[in-house]
Amino acid sequence: MSTHSNHPFHLVDYSPWPLTGAIGALTMVSGLVKWFHQYDNSLFILGNLITLLTMYQWWRDISREGTFQGLHTFNVTLGLRWGMILFIISEIFFFISFFWAFFHSSLSPTIELGSSWPPMGVLIFNPFQVPLLNTAILLTSGVTVTWAHHGLMENNHSQSTQGLFFTILLGIYFTILQGYEYMEASFSIADAVYGSTFFMATGFHGLHVLIGTTFLLVCLIRHLKNHFSKNHHFGFEAAAWYWHFVDVVWLFLYVSIYWWGS
């Protein structure tokens, strides 16, 4: 398909990646079922591999379209912005469901829980230890990603690189601490509704931190390859928006589940 058109929109070329992505997702979910029932994770690993290869090649094509082929016009970028905004709104409602479940159970604990919250026998985390450190880490990462954005807006390549590098480092540090916290937990996801809501909410947030860290790592690689300019860097902006969303969700998690819920 020719890149020349008499309209400002981007009609994408035929691509195999939606098909391979669907195959990867099907293989991965089928592999999960096999893993749960037969304790064999080979199909799950294959599905992950197909999905990761699809992600890499699809993102590579989008980067080429926006950076080198000039297909991301103002109208296309505007559509991408609204797409990202609506995606983050959908993520907000995703987490609202977990908060709803937590408050529904904690504000009026049933007699099966001993009419108390947390339930009897559940030894909870001290909110002023690792959870407070993780809060400081994520708030600091919000500052460093803003530092990187300001560096990009001022055409300061080294400042953007440093800001992105430290944000990624803080994201990895947060994930390591959360993994340590899970290993030290005295309760599991099977321990009443407290364990279920705690691990579902904090676990999905941890997954979002991993996704956001990957998002920012891709942005750092693209930045080092000079893909971003002062006026053309929506890929980075989308990553920054997503990271700030992750920060805000953690604040609600910390206040409601770790501090108030304890």
Side-chain angles (χ1 to χ4, degrees), residues 1-25 48-92 141-142 144-169 171 207-247:
M1 184 184 290
S2 170
T3 56
H4 175 73
S5 63
N6 58 357
H7 58 78
F9 303 102
H10 177 206
L11 302 179
V12 297
D13 294 339
Y14 291 115
S15 171
W17 311 133
L19 177 62
T20 59
I23 292 170
N48 271 297
L49 187 62
I50 295 169
T51 304
L52 287 169
L53 286 170
T54 300
M55 287 161 58
Y56 169 76
Q57 291 171 108
W58 203 342
W59 292 344
R60 178 204 62 192
D61 288 354
I62 293 170
S63 297
R64 286 173 177 172
E65 290 164 0
T67 307
F68 303 117
Q69 297 175 357
L71 296 173
H72 287 185
T73 60
F74 175 79
N75 285 24
V76 174
T77 307
L78 190 63
L80 291 172
R81 288 177 185 277
W82 274 110
M84 191 66 195
I85 289 167
L86 291 172
F87 169 68
I88 289 174
I89 290 171
S90 74
E91 291 281 272
I92 290 169
S141 72
T144 55
V145 78
T146 306
W147 166 28
H149 191 202
H150 278 277
L152 202 57
M153 294 296 290
E154 295 169 5
N155 285 325
N156 193 325
H157 191 274
S158 64
Q159 292 289 308
S160 296
T161 304
Q162 291 172 49
L164 270 171
F165 174 76
F166 284 119
T167 307
I168 293 163
L169 210 61
L207 177 64
H208 282 70
V209 171
L210 282 171
I211 293 168
T213 305
T214 307
F215 203 169
L216 289 165
L217 180 61
V218 171
C219 286
L220 177 59
I221 294 167
R222 292 190 65 197
H223 178 61
L224 293 172
K225 290 178 177 289
N226 295 311
H227 285 193
F228 298 136
S229 67
K230 180 179 179 180
N231 301 314
H232 189 84
H233 57 267
F234 177 68
F236 173 80
E237 276 188 292
W241 291 355
Y242 188 82
W243 196 253
H244 287 308
F245 155 74
V246 168
D247 283 354

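- The number of heavy atoms from other shown groups lying within 6.0 Å of NE2 (H232) is above 12.
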Residues S15, D13; criterion side chain to side chain donor-acceptor pair (under 3.5 Å); working and verdict: CA-CA 6 Å; S15 171; D13 294 339; over 6 Å; no
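- Atoms CG and CZ, from L78 and F234 in turn, are 9.5 Å apart once rounded to the nearest 0.5 Å.
- Rounding to the nearest 0.5 Å places CG of D61 at 8.5 Å from CD of Q69.
- A pairwise comparison of heavy atoms in T167 and T144 identifies OG1-OG1, 2.7 Å as the closest pair.
- Across all non-hydrogen atoms, the minimal contact from S160 to A148 is OG-O, 3.0 Å.
- Ring geometry, H149 versus F236: the interplanar angle falls from 30° to 60°, so the pair is classed tilted.
- Under the salt bridge (charged side-chain N to carboxylate O under 4.0 Å, His left out) criterion, no residue pair touches residues 67-78, with sequence neighbours excluded.
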Criterion side chain to side chain contact (heavy atoms under 4.5 Å, CB included) on W17 and W59, from CA distance to verdict: CA-CA 10 Å; W17 311 133; W59 292 344; over 6 Å; no
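- Checked by atom type and distance alone, the side chain of S141 never pairs as donor or acceptor with a backbone atom of G171 at under 3.5 Å.
- The ring-ring contact (aromatic ring centres under 6.0 Å, His included) search around H157 returns H223, not counting sequence neighbours.
- The line from CG of L169 to CG of L216 is 12.0 Å long, rounded to the nearest 0.5 Å.
- A donor-acceptor contact shorter than 3.5 Å links the side chain of H233 to the backbone of S229.
- The side-chain heavy atoms of T67 and R222, taken from C-beta on, include a pair separated by under 4.5 Å.
- Considering CG of N156 and CD of Q162, their distance stands at 8.0 Å, rounded to 0.5 Å.
- At distances below 3.5 Å, not a single donor-acceptor pair connects side-chain atoms of H208 with backbone N or O atoms of F245.
- Nearest heavy atoms, I85 versus W241: CG1-CZ3, 3.9 Å.
- Contact of the F215 side chain with the W243 side chain is not registered, since no non-hydrogen atoms from C-beta on lie closer than 4.5 Å.
- Distance check, rounded to the nearest 0.5 Å: CH2 of W58 to CG of L53 gives 14.5 Å.
- Atom CG of L217 sits about 5.0 Å away from atom CD1 of I168, to the nearest 0.5 Å.
- Each side chain to side chain donor-acceptor pair (under 3.5 Å) pair with one or both residues in residues 48-57, not counting sequence neighbours, appears once here: T20-T54.
- In plain terms, the two heavy atoms of C219 and G235 that are nearest each other are SG-O, 3.6 Å.
- The aromatic rings of H227 and F68 sit perpendicular, their planes meeting at an angle over 60°, well past the 30° parallel limit.
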